[in-house]
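Below are the C-alpha cells for one structure; questions will follow.
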Amino acid sequence: MEAPEKNFALEIVRITEAAALASARWLGRGAKEAGDGAAVEAMRVSFSTMHIKGKVVIGEGEKDNAPMLYNGESVGMGDGVALDVAVDPVEGTTLLAFGRPNAISVVGVSPAGSMYDPGPSFYMQKLVVPREARQVVDLDAPVSVNLDSIAKSLGKSTQDLVVFVLDKPRHEALIADIRRAGARIQLHTDGDVAGALMAVDPRSEVDVMMGTGGTPEGVLAACAIKGMGGEILARLDPQSYVEKEAINEAGIDIREVLTSDSLVRSEDCFFAATGISGGDFLRGVAYKGKHAVTHSLVIRGKTGTLRYIESYHNMDRLAKFSSVRY
C-alpha cells in the first residue's frame with residue numbers, strides 16, 4: 001500500500017480559477033485576444049507560486065498568433081518535482097468573445113517526459129468514448145459500426161446516442177454518416193476539450209465525440225480521460241499540405257493510432273478545468289456583488305477521483321493583494 005502523494009489537481013485548479021476569473025470579464029465583448037491574454041497573464045502569475053519545475057509541452061497560440069504560454073516555456077518556482085504541463089487558458093476563445101456556452105480554462109500536468117509531443121501537428125482525428133465502450137471501438141471502423149457497438153455497451157439503442165461533433169465543413173460526410181446510422185448529434189462551433197470531457201463525464205448527456213479537432217487539445221483531454229476511465233483513439237490529420245510535410249519532416253508517423261496511454265504515458269497525471277461562459281458541462285463565472293462564483297472539475301489520474309468544486313471568491317480581498325487583474 002502507498003501513502004497518499006501530493007495531489008496537484010488541487011493546486012492547478014487555483015490556476016484555472018484565476019484564468020477563468022480574469023477572462024470572464026471579456027464575455028461577449030468581441031475581443032478574442034484580450035480575453036485570452038487576460039487568462040494567460042493570470043495563469044503565468046498563478047504558476048509562479050507552485051513549487052515545481054514545469055515545462056509547457058502543450059501550449060496554445062502558434063496556430064492563430066494569439067497570446068500564449070508558449071511551448072518550452074518554464075513555469076513554477078524551479079524547485080520540486082519536474083512536470084510536463086499542458087495549458088489552454090481559454091479553450092473556446094470565440095465562444096468567450098461572443099458570449100456562447102462552454103468556454104473553459106484548462107490545465108493538465110504529468111511527470112516530465114510523459115506527454116506526447118505533437119511537434120508541428122495542429123489537427124488530429126478523434127474518437128472519445130466513456131469507460132463502458134473503451135474496448136469496443138476502432139478508429140478505422142465505419143461510423144455506423146462504432147455507434148452500434150457503443151450503444152450496446154451503454155445498454156442503449158443507437159437512436160438514443162448523442163454524438164458531439166464540431167460544426168466544421170470538414171465534417172459534412174461524418175455528420176451524414178451519423179444521421180444515416182440514426183444517432184442524435186450536438187453540433188458545436190468550438191470546444192474540443194469540452195467535447196471530449198462531455199463524452200466521458202457520467203453527468204453529461206453526450207455519449208461519444210467524433211471528428212477532427214486540435215492536436216494540443218487531444219493531449220490535454222487525455223489527462224482527464226485517463227482519470228475518468230474512458231478512451232480516446234486518435235490519429236494525426238493534417239488539414240494542409242504544409243502541415244503534412246512538416247509532420248513528415250519531423251519524423252512523426254502520421255498513420256499511428258494514438259490512445260490515452262500513448263498521449264500521456266503515466267497514470268500519475270492531473271487535470272483541472274474551470275467554466276468561463278455558462279454551459280451544461282461547467283457553469284460559467286457568476287458575479288454576485290462582492291463575490292464571484294466558479295465551477296470546476298478536477299481529476300487525479302492515479303486514483304480516478306473526480307471532484308466538482310464550487311468556489312466563492314471575495315473579490316475585494318483578492319484586489320488588495322493579488323497581482324492578477326480580476
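Nothing fancy with the numbering, it's 1 onward along the sequence.
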**Study point:** Contact list for residues 139-153, test side-chain hydrogen bond (donor to acceptor under 3.5 Å, both in side chains), sequence neighbours left out
**Key:** D140-R235, D148-T158
Study note, to complete from the structure: Which of S296, S23, S311 passes side chain to side chain donor-acceptor pair (under 3.5 Å) with T274? It is S296
Check your understanding: Are any of the side-chain nitrogens in D261 or K226 under 4.0 Å away from the carboxylate oxygens of its partner?
Key -> yes
Review point. Between K290 and M315, is any pair of side-chain heavy atoms under 4.5 Å apart?
Key: no
Exercise for review: Start with the C-alpha distance between L27 and I276, add both sets of side-chain angles, then the distance that settles side-chain contact (heavy atoms from CB on, under 4.5 Å), and finish with yes or no.
Suggested key: CA-CA 8 Å; L27 179 71; I276 302 173; 5.7 Å; no
Exercise for review: Give, for atom NZ of K168 and atom CD of Q239, the distance between the pair rounded to the nearest 0.5 Å.
Suggested key: 11.0 Å
**Study point:** side-chain contact (heavy atoms from CB on, under 4.5 Å) assessment of L233 paired with L258
**Key:** CA-CA 6 Å; L233 301 179; L258 302 163; over 6 Å; no
Review point. By side-chain contact (heavy atoms from CB on, under 4.5 Å), which residues pair with A31, not counting sequence neighbours?
Key: W26, A34
**Study point:** Geometric class of the F270/F8 ring pair [parallel <30°, tilted 30-60°, perpendicular >60°]
**Key:** perpendicular
Check your understanding: Of the options E231, M228, R131, which is the one that meets V200 in a side chain to side chain contact (heavy atoms under 4.5 Å, CB included)?
Key -> M228
Review point. Under 6.0 Å from the CZ atom of R265, do we count more than 12 heavy atoms belonging to anything else shown?
Key: yes
Exercise for review: Indicate yes or no for a side-chain donor-acceptor contact from E243 to the backbone of F122 under 3.5 Å, with no hydrogens or angles considered.
Suggested key: yes
Check your understanding: From E267 CD over to K302 NZ, what is the distance, rounded to the nearest 0.5 angstrom?
Key -> 9.5 Å
Point to revise | Result of checking T212, D192, T215, D237 against K126 for side chain to side chain donor-acceptor pair (under 3.5 Å) | key: D192
Check your understanding: Side chain of D84, backbone of V57: donor and acceptor closer than 3.5 Å?
Key -> no
Check your understanding: Just how far is it from atom NE2 of H188 to atom CE of M209, taken to the nearest 0.5 Å?
Key -> 11.0 Å
Practice item. State the OG1-CG distance between T16 and L21, to the nearest 0.5 angstrom. Key: 9.5 Å
Practice item. Answer yes or no: does atom NZ of K244 have more than 12 heavy-atom neighbours from other residues, nucleotides or ligands under 6.0 Å? Key: no
